[in-house]
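Index from 1, following the sequence.
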Amino acid sequence: QVHLVESGGGSVQAGGSLRLSCAVSGYPYNSYCIAWFRQTPGKEREGVATIGGDDSTFYIHSVKGRFSVSRDNGKNIVYLEMNSLQPEDTGMYFCAFSDRVNNVLNIPPTSLFNAWGQGTQVTVSS
């Protein structure tokens with residue numbers, strides 16, 4: 001059974017940076033998709049970035065050029081590097097796992113993800 005643990009959240013001022021980690025366990029292969037979602041109270045969960053099984057990546061427009069997703073296969077960790085953070089980036093960030101997505105051209109539907117982490121809070125103050 002796949003298990004995900006996020007870490008790295010915190011509170012920063014606008015313009016600051018954070019690196020989130022998603023530690024993956026319980027899956028014996030290196031080819032899998034991880035997507036990062038964020039959620040704020042009263043809003044739907046929003047996918048912001050994803051890395052496919054073939055290491056293709058996709059970012060939504062509002063984070064493109066500021067966020068970067070990468071993986072360390074040796075450690076089974078997927079990272080979300082977040083730079084130039086803005087107050088609108090505030091939210092609970094979740095990583096999600098799929099073994100059914102290889103190439104990514106957008107954020108895959110949530111129905112394709114079969115494991116989720118518990119989330120890590122990111123707060124950006126102005």
Side-chain angles (χ1 to χ4, degrees):
Q1 184 175 353
V2 175
H3 187 56
L4 308 179
V5 178
E6 300 100 333
S7 60
S11 297
V12 297
Q13 290 191 326
S17 298
L18 286 172
R19 187 177 76 164
L20 306 185
S21 299
C22 176
V24 181
S25 60
Y27 191 72
Y29 308 108
N30 289 329
S31 179
Y32 52 83
C33 173
I34 291 289
W36 288 94
F37 292 80
R38 65 186 177 197
Q39 189 165 24
T40 54
K43 292 187 178 181
E44 288 191 7
R45 191 170 293 190
E46 173 188 44
V48 297
T50 185
I51 183 166
D54 63 354
D55 287 341
S56 55
T57 56
F58 177 83
Y59 305 90
I60 61 171
H61 179 73
S62 62
V63 307
K64 199 169 185 179
R66 300 189 297 121
F67 289 14
S68 177
V69 60
S70 62
R71 72 166 91 232
D72 183 329
N73 288 329
K75 296 181 179 179
N76 287 330
I77 296 177
V78 174
Y79 299 102
L80 182 66
E81 185 78 36
M82 305 186 296
N83 299 310
S84 301
L85 283 162
Q86 300 301 316
E88 52 266 34
D89 296 316
T90 292
M92 183 70 79
Y93 281 70
F94 301 86
C95 61
F97 168 98
S98 175
D99 56 1
R100 291 177 281 176
V101 178
N102 195 37
N103 180 257
V104 294
L105 298 178
N106 50 32
I107 304 293
T110 55
S111 59
L112 292 181
F113 294 96
N114 39 11
W116 293 78
Q118 82 290 348
T120 186
Q121 178 69 33
V122 171
T123 302
V124 185
S125 58
S126 57

Requested in this report: Among residues two or more places apart or on two chains, list those pairs meeting side-chain hydrogen bond (donor to acceptor under 3.5 Å, both in side chains) that have a residue in residues 74-86.
Outcome: Ser17-Asn83
Requested in this report: Would you mind listing every side-chain hydrogen bond (donor to acceptor under 3.5 Å, both in side chains) that reaches into residues 18-40, with sequence neighbours excluded?
Outcome: Arg38-Glu46, Arg38-Asp89, Arg38-Tyr93, Gln39-Arg45
**Report entry** Side-chain heavy atoms of Val69 within contact of Thr50, under 4.5 Å
**Finding:** no
Query raised in the report: Heavy-atom distance under 4.5 Å between the side chains of Phe58 and Asn103, does that happen here?
Result: no
Report summary line: Heavy-atom closest pair (Leu85 atom, Leu18 atom, distance to 0.1 Å) is CD1-N, 3.8 Å
Requested in this report: Find the distance between CZ (Phe67) and CD1 (Ile60) and round it off to the nearest 0.5 Å.
Outcome: 8.0 Å
Query raised in the report: To the nearest 0.5 Å, how far apart are CG in Leu80 and OG in Ser70?
Result: 8.5 Å
Provide the full list of disulfide (SG to SG under 2.5 Å) pairs with a residue in [range], sequence neighbours left out, each pair given once.
{"range": "residues 44-80", "result": "none"}
{"range": "residues 26-78", "result": "none"}
{"range": "residues 49-82", "result": "none"}
{"range": "residues 95-126", "result": "Cys22-Cys95"}

**Report entry** Path from Val48 to Ile77 over hydrophobic side-chain contacts below 4.5 Å
**Finding:** no
Query raised in the report: Any chain of hydrophobic side-chain contacts (each under 4.5 Å) joining Phe94 to Val2?
Result: yes
Query raised in the report: Looking at residues at least two apart in the chain, or sitting in another chain, which of them share a side chain to side chain donor-acceptor pair (under 3.5 Å) with Ser7?
Result: none
Query raised in the report: Taking only residues two or more places apart in sequence or in another chain, which ones pass side chain to side chain donor-acceptor pair (under 3.5 Å) with Asp72?
Result: none
Would you give me the side-chain donor-acceptor pairs under 3.5 Å for residues 104-120, sequence neighbours excluded?
unit_1 : atom_1 : unit_2 : atom_2 : d
Asn114 : ND2    : Asp99  : OD1    : 3.3
Gln118 : NE2    : Glu6   : O      : 3.2
Thr120 : OG1    : Gly9   : N      : 3.1

Query - With Asp55 via salt bridge (Lys or Arg N to Asp or Glu O under 4.0 Å) - residues at least two apart - result: Arg71
